[in-house]
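Worksheet: the structure to be examined is printed underneath.
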Amino acid sequence: MGYVAVKKTMSAIPQDIIDQENAKLMAAHQADYDALGVRLARVGIDIEHIVDRLMTLEVGIPSWGMVSGGTRFARFPMPGEPTHILEKIEDCAAVHQVSGLTPRISLHFPWDKANDIDEVRDYAHAHGMGFDAVNSNTFQDQPGQRLSYKYGSLTHSDPATRAQAIEHNLECIEIGDRLCAKGLTVWIGDGSNFAGQNEFADTLDRYLESMKAIYAALPHDWRLFIEHKLYEPAFYATVIQDWGTSILCAQQLGPKAQCLVDLGHHAPSVNIELIVARLAQFGKLGGFHFNDSKYGDDDLDAGSLNPFQLFLIFNELVYAETRARGQFNPAYMMDQSHNVTDPIESLLNSARAIAGAYVKALIVDRKALREYQSSNDVMMAHHCLRMAYETDVRPALAMARLRKGGAIDPMMTFRASGYRAQKARVRKSRPAIGGGII
Ligand code: RM4
Ligand code: MN
Ligand code: MN
């Protein structure tokens, strides 16, 4: 997604700070890496091959996750948080510098609207950053907006409101194109709060009609991601509520339309890895919004509550990649709200969890697994997954980061850099008033 050959000329965190921190940890890191290498070699896995694969993994980060998030009740701002898009980009670059995993930023419009979009692009490129899918927003009204989205946007009963929502998505494509992004993610808040408020079939008809107009405006190498969500803001029925409706719509729209799985957008106890497998099998798995959740769309750090689920998802992804033979390219993104932690630290926390889940999925002994499955040896099949999951793969993650110029220990290095404290001195403070997600 959004690959551009960027020449880095600016650094959010001075490289020598990262190098100094790495120097302190180098001997211990090398010993741990060698030990893991020996351990993996015993089961026929070459650690260098795993690190090479990991170095190709890239996960986008959300511009809207760079400021302290809030709930419906309150937002507690943090000193030094970014106040405009360029500062958000700088923070994203800091995450990538130490994690080596997050070279692209996903923008959300009109939240990230800028007078000079070329300046935004150039500033990101100067930091070695590109852009992921752009996100439209027709779930809120903006100041001065002509027609309200209170009763819907792309599915609204009024054609003029639908036209306005379509127009906004077309503008997002235009801006995204200038940023060299390659995808548009559409999540709508449309639905109903009361039985009888609207007809399920009619709202979906209107959605498809609107999405066809957006699809028609996509550049040839773009993808359109349909993001479903079970509930909220609609509490009775949501128009694109689950992966079933999502894949039906993606199939109706055409090959550029794919489904996006946000890990917080499912009913409790739903088997998300099974959804991933189904979408991948039919070529409709477009990408992810990684996060973790306990109750609903909690937007907690990826892997912070349910790391085994994250591993099982990556296990499906690695298997799907093998089956697809090169045709498989989901766009990985994080979508989190950081309400009580420093967003940069939460993204580092999640980057580690995601990379760890990927590596653990890579070291699953697939040949043995298949044999256990064929002979119906249930316990050993499960054991095979558990053995990979329970391996401490941190030295492999550290090596991949190190080889990308990142940190052996991202969290401690970020703390040692004094980045946030320095930003608190130079950045203006943002108001605490009001709730809401950003
Ligand atoms: C939604 C959904 C979308 C995100 C907004 C801010 O719940 O996850 O991906 O754009 O929140
Ligand atoms: Mn999302
Ligand atoms: Mn969400």
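Ligands are counted one by one from 1 in listed order, and the atoms in each one are counted from 1 as well. The chain is numbered in sequence order, starting from 1. Predicted, not measured: the structure shown is a model, and the values here were computed from it.
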Checking the N or O distance criterion of under 3.5 Å, is ligand 1 in contact with [X]?
| X | value |
| --- | --- |
| H265 | yes |
| E227 | yes |
| W111 | no |
| W64 | no |

Original post:
What is the OD2(D297)-the Mn ion (ligand 3)-NE2(H265) angle, to the nearest 10 degrees?
Top reply: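 Centred on the Mn ion (ligand 3), the OD2/NE2 angle is 100° (to 10°).
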Between [X] and [Y], how do the two ring planes meet: parallel, tilted or perpendicular, split at 30° and 60°?
| X | Y | value |
| --- | --- | --- |
| F139 | H108 | perpendicular |
| W111 | W64 | tilted |
| H127 | Y123 | tilted |

Original post:
Which ligand 1 atoms are under 4.0 Å away from a heavy-atom of H289?
Top reply: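 Selected atoms, number and element: 9 (O).
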Original post:
Of all the atoms in ligand 1, which lie at a distance below 4.0 Å from a heavy atom belonging to D262?
Top reply: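 Taking each heavy atom of D262 in turn, ligand 1 has 8 (O) under 4.0 Å.
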**OP:** Measure from NZ or CZ of R178 to the centre of the six-membered ring of F131 and say whether it is under 6.0 Å with the direction within 45° of the ring axis.
**Re:**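 That pair does not qualify as a cation-pi contact.
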Original post:
Would a 4.5 Å heavy-atom cut-off, applied to side chains only, mark H49 and L362 as touching?
Top reply: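 No, their side chains stay 4.5 Å or more apart.
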Subject >> Which N, O or S atom of D262 lies nearest to the Mn ion (ligand 2), by name >> reply: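 That would be atom OD2.
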Original post:
E227: which N/O/S atom is nearest the Mn ion (ligand 2)?
Top reply: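 Sorting the N, O and S atoms of E227 by distance to the Mn ion (ligand 2) puts OE2 first.
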**OP:** Tell me which part of N137 gets within contact of ligand 1: side chain, backbone, both or neither, using heavy atoms under 4.0 Å.
**Re:**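 N137 to ligand 1: no contact under 4.0 Å from either part.
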Original post:
With a 4.0 Å heavy-atom cut-off (strictly under), which part of K229 contacts ligand 1: side chain, backbone, both or neither?
Top reply: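 Near ligand 1, K229 shows its side chain, while the N, CA, C and O stay back.
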Original post:
Is the distance from the Mn ion (ligand 2) to the nearest N/O/S atom of D335 under 2.8 Å?
Top reply: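 So D335 counts as coordinating the Mn ion (ligand 2), yes.
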Original post:
Is the distance from the Mn ion (ligand 3) to some N, O or S atom of H289 under 2.8 Å?
Top reply: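 Under 2.8 Å: H289 has no N, O or S contact with the Mn ion (ligand 3).
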Original post:
Does the ring centre of F288 sit less than 6.0 Å away from the ring centre of F314?
Top reply: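 Ring-ring flag for F314/F288: false, centres at least 6.0 Å apart.
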